[in-house]
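Okay, structure first, notes after.
If you read the sequence from its start, that first residue is 1, and numbering goes on from there. As the structure is a computational prediction, the values presented were derived from the model and not from experiment.
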Amino acid sequence: MLGKVHGAVSPCPLPLAGLGHPTSIRSPKERHLHQISGERQKATSRLLVNYPEPYRSQILDYLFKPYFGASLHILKVEIGGDGQTTDGTEPSHMHYALDENYYRGYEWWLMKEAKKRNPNITLIGLPWSFPGWLGKGFNWPYINLQLTAYYIVTWIMGAKHYHDLDIDYVGIWNERSYDTNYIKVLRKMLNYQGLHRVKIIASDNLWEPISASMLLDADLLKAIDVIGAHYPGTHSIRDAKLTAKKLWASEDFSTLNSDMGAGCWGRILNQNYVNGYMTSTIAWNLVASYYEQLPYGRCSLMTAQEPWSGHYEVASPVWVTAHTTQFTQPGWYYLKTVGHLEKGGSYVALTDGLGNLTIIIETMSHKHSMCIRPYLPYFNVSQQFATFVLKGSFSEIQELQVWYTKLGNPSERFLFKQLDSLWLLDSGGIFTLELQEDELFTITTLTTGLKGSYPLPPKSRPFPSTYRDDFNVDYPYFSEAPNFADQTGVFEYFMNIEDTGEHRFTLRQVLNQRPVTWAADASNTISIIGDYTWTNLTIMCDVYIETPDTGGVFIAGRVNKGGIWIRSARGIFFWIFANGSYRVTGDLAGWIIYALGRVEVTAKKWYTLTLTIKGRLASGMLNGKFLWTDIPVNFPKNGWAAIGTYSFEFAQFDNFHVDAAH
């Protein structure tokens, strides 16, 4: 038994149990439970902030409100670094060396909303990309270790100073190389700033080489508090266990939020501990609030990708999460009595050390619990009886609450349903359950479980076919304009102090150098918007090139790719350049040239671009006059609208208007 635990729960060796003799699991040390989070990285909550009330608050309640829905214990956020991180870019708090702004993006808002609902939620920050100035011309964040550590520490201190948020853990560089000296420098700098309580997770990649590095380096071992591995397939390795550090699946799941995804999630939540001693499992991603045709659409706990309609879907992974999160808390202990069931499935038991007990049983079949990665070797699950015996102080428990989920067959499907209590008065602490495949049971002393609900949200509707934004927001609450999803570069509300006229408030691309990238960001900046199914449309936008001679801007339609695939995006792109030229290309990179020519265009002057695409023909206007007409375009057939710049350069956009109604 572990630490403070005064009782044990052991499966009965009766032949009828179908449970056999699970091998005794040695716990390497006292294990704290820091279970389940929604990991909100990679620009995946972009559209959530635009939701109208009351729907936005309802979505947040389903995720974070204790004893209501997913009741998450952890929120892991991206430390925005200006680069593409799977489904978009997130702005850095320091675009440039002497720049600091702790109100950009939506992560601050999301953390505050999570804390508002659950003051005890654990907050984690992890960088994917870094602003370009940290790389000093190299695509590498470890050129100046002190400078990068300073940059991360300012984010942690800014969270506290500007938002009263205490960051609990910080990571190194998501799924990329770590530098052992950097980790030590970061630890020292955190301590120097009085942030001893902020713990370090490393390396958010594989178990190796970080585990071996820690065993060979006493200072590194001391600096790191948690070994975080991604998509470990429920298994850890010997070296990781030998460090005696907490082991976490610091990113996992990443699977479509269907019942298959729910099965995957239910299986790994139990088996990450049963097989690999991982005491936290963090799901990527929290909520699918990004355009669905971006990479990994709907690979999340729930879906909220229509702020224009208010529609959202509480998907089954939310209720699978609740089976663990509503009946345990960080600081609870796993009992030694965890294991596999004789005919497939697994069970874990946890206690708060104060007499409460929670047992979670899952019987997810191979067919209905495959995660997106890694490969899942075949296993069999079949109907069985499982008998449990409560011993020690647990033998005095008289009543246990029962919560039940059945996935798979729609006619038999239940999600987080409370069943009749188990009464143990005359049973000697013994109870037997009949288990079918694809089921989840939570058996618990806690009576606080609740399946929260709100009235159904509005029906799903497509993005409005006529859409305009003049960006005239005096004091914007968010730095980014609604529904624009930056895919390379960062587009922010901007106020021209000198311009008292029509273009006082604009949208500005604010990066002037390429970030230290995590993905293959484009060489051009681009922000997408609208409905991926749009075919025939007119896009109109006022544009302003800030860079003389070399600068350029574009508007585009039928853009067919985004996220990590943005470099290879096709579409119809209408460009003008400060050197007095224009181009029409079939791709963002500019390899496919449909037309080019000279035109009276210069920097530091406003122009209106209009792009009309109808069927297989496209035409473009400059300041209301046709510049090129009826160019044949056969591919792509549909896609988003977009704006952007030729390179990482300052440029402004205003009076954006798209009409896809014709």
Side-chain angles (χ1 to χ4, degrees), residues 32-41 43-46 48-51 53-80 90-91 93 101-127 152-171 190 193-199 201 225-226 248 250 280-287 289 300-302 304 318 321-322 324-326 328-332 448 450 452 454 477-479:
H32 286 276
L33 170 69
H34 248 312
Q35 195 88 18
I36 310 177
S37 93
E39 177 168 340
R40 215 290 331 120
Q41 66 215 22
T44 49
S45 302
R46 177 67 196 92
L48 179 60
V49 296
N50 312 339
Y51 262 79
E53 293 295 354
Y55 311 115
R56 189 174 74 173
S57 290
Q58 291 172 6
I59 295 161
L60 292 162
D61 284 351
Y62 278 118
L63 294 168
F64 298 119
K65 188 176 175 184
Y67 312 115
F68 189 83
S71 306
L72 296 169
H73 296 167
I74 300 176
L75 173 62
K76 180 175 182 177
V77 304
E78 177 181 338
I79 299 175
E90 289 199 39
H93 62 291
N101 181 323
Y102 297 92
Y103 292 95
R104 292 187 184 125
Y106 43 80
E107 299 290 16
W108 311 109
W109 168 83
L110 187 64
M111 287 190 281
K112 284 190 285 193
E113 292 295 326
K115 276 280 186 191
K116 199 188 290 180
R117 289 162 175 79
N118 177 5
N120 297 321
I121 199 164
T122 298
L123 297 177
I124 307 177
L126 173 66
I152 294 297
V153 171
T154 57
W155 184 86
I156 294 167
M157 293 174 72
K160 181 64 175 172
H161 186 261
Y162 294 95
H163 304 285
D164 198 25
L165 292 166
D166 291 307
I167 304 299
D168 299 292
Y169 293 86
V170 66
L190 286 166
Q193 293 295 341
L195 296 167
H196 299 80
R197 46 161 225 87
V198 178
K199 298 183 169 74
I201 306 180
D225 297 275
V226 175
W248 287 8
S250 55
S280 172
T281 297
I282 298 178
W284 186 82
N285 60 66
L286 175 70
V287 54
S289 286
S300 55
L301 300 183
M302 65 179 286
V318 164
T321 308
T324 297
T325 49
Q326 288 204 21
T328 60
Q329 285 302 319
W332 281 45
T448 44
L450 176 74
Y454 284 113
Y477 191 76
F478 293 105
S479 58

Checklist line | Stepwise side-chain contact (heavy atoms from CB on, under 4.5 Å) test for His163 and Met111 | finding: CA-CA 9 Å; His163 304 285; Met111 287 190 281; over 6 Å; no
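- Here the side chains of Ile59 and Tyr51 are in contact, with some heavy-atom distance below 4.5 Å.
- Between Thr328 and His73, the closest side-chain pair of non-hydrogen atoms falls below 4.5 Å.
- To the nearest 0.5 Å, the span separating CG on Leu190 from NZ on Lys199 amounts to 12.0 Å.
- A salt bridge links Asp166 with Lys160: the distance from a Lys NZ or Arg NE/NH1/NH2 to an Asp or Glu carboxylate oxygen falls below 4.0 Å.
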- Task: Go through the steps to decide whether Leu301 and Tyr62 satisfy the test side-chain contact (heavy atoms from CB on, under 4.5 Å), and finish with yes or no.
- Result: CA-CA 10 Å; Leu301 300 183; Tyr62 278 118; over 6 Å; no
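- Judged by distance alone, the side chain of Ser289 and the main-chain N or O of Ala304 form a donor-acceptor pair under 3.5 Å.
- Nearest heavy atom pair, residue Ser479 against residue Arg104, reads OG-CA, 3.5 Å.
- Rounding to the nearest 0.5 angstrom, the gap separating the CG atom in Leu165 from the CD1 atom in Ile156 is 12.0 Å.
- Side-chain contact between Leu126 and Ile201 is absent, with no heavy-atom pair separated by less than 4.5 Å.
- Inter-residue side-chain proximity for Phe64 and Leu110 is flagged as met; some heavy-atom pair is nearer than 4.5 Å.
- Between Gly69 and Val318, the shortest heavy-atom distance links the atoms C-CG1, 4.1 Å.
- Residues Ala70 and Thr325 approach most closely at O-OG1, 2.6 Å, considering heavy atoms.
- By the 4.5 Å heavy-atom criterion applied to side chains, Ser71 and Thr321 are not counted as neighbours.
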Go through the steps to decide whether Val226 and Ser250 satisfy the test side-chain contact (heavy atoms from CB on, under 4.5 Å), and finish with yes or no.
CA-CA 9 Å; Val226 175; Ser250 55; over 6 Å; no
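- Using modelled atom types, no side-chain atom of Arg56 and backbone atom of Leu48 make a donor-acceptor pair closer than 3.5 Å.
- By the 30° and 60° cut-offs, the orientation of the rings of Tyr454 relative to Phe68 is tilted.
- Side chains of Glu90 and Tyr106 form a contact here, defined as non-hydrogen atoms less than 4.5 Å apart.
- Atom CG of residue Leu63 and atom CG of residue Asn118 lie 12.0 Å apart, to the nearest 0.5 angstrom.
- Side-chain contact check for Val77 versus Trp108: every heavy-atom pair is 4.5 Å or farther apart.
- Using a 4.5 Å cut-off on side-chain heavy atoms (C-beta onward), Ile152 and Pro127 make contact.
- Here the straight-line distance linking atom CZ of Arg197 with atom OH of Tyr169 works out to 10.5 Å at 0.5 Å rounding.
- Here the CG-NZ distance, from Leu123 to Lys112, works out to 12.5 Å after rounding to the nearest 0.5 Å.
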As a quick check of understanding, evaluate side-chain contact (heavy atoms from CB on, under 4.5 Å) for His161 and Tyr102, giving each step before the final call.
CA-CA 9 Å; His161 186 261; Tyr102 297 92; over 6 Å; no
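- To the nearest 0.5 angstrom, Glu113 atom CD is 13.5 Å from Lys65 atom NZ.
- Using modelled atom types, one side-chain atom of Lys115 and one backbone atom of Ile121 make a donor-acceptor pair closer than 3.5 Å.
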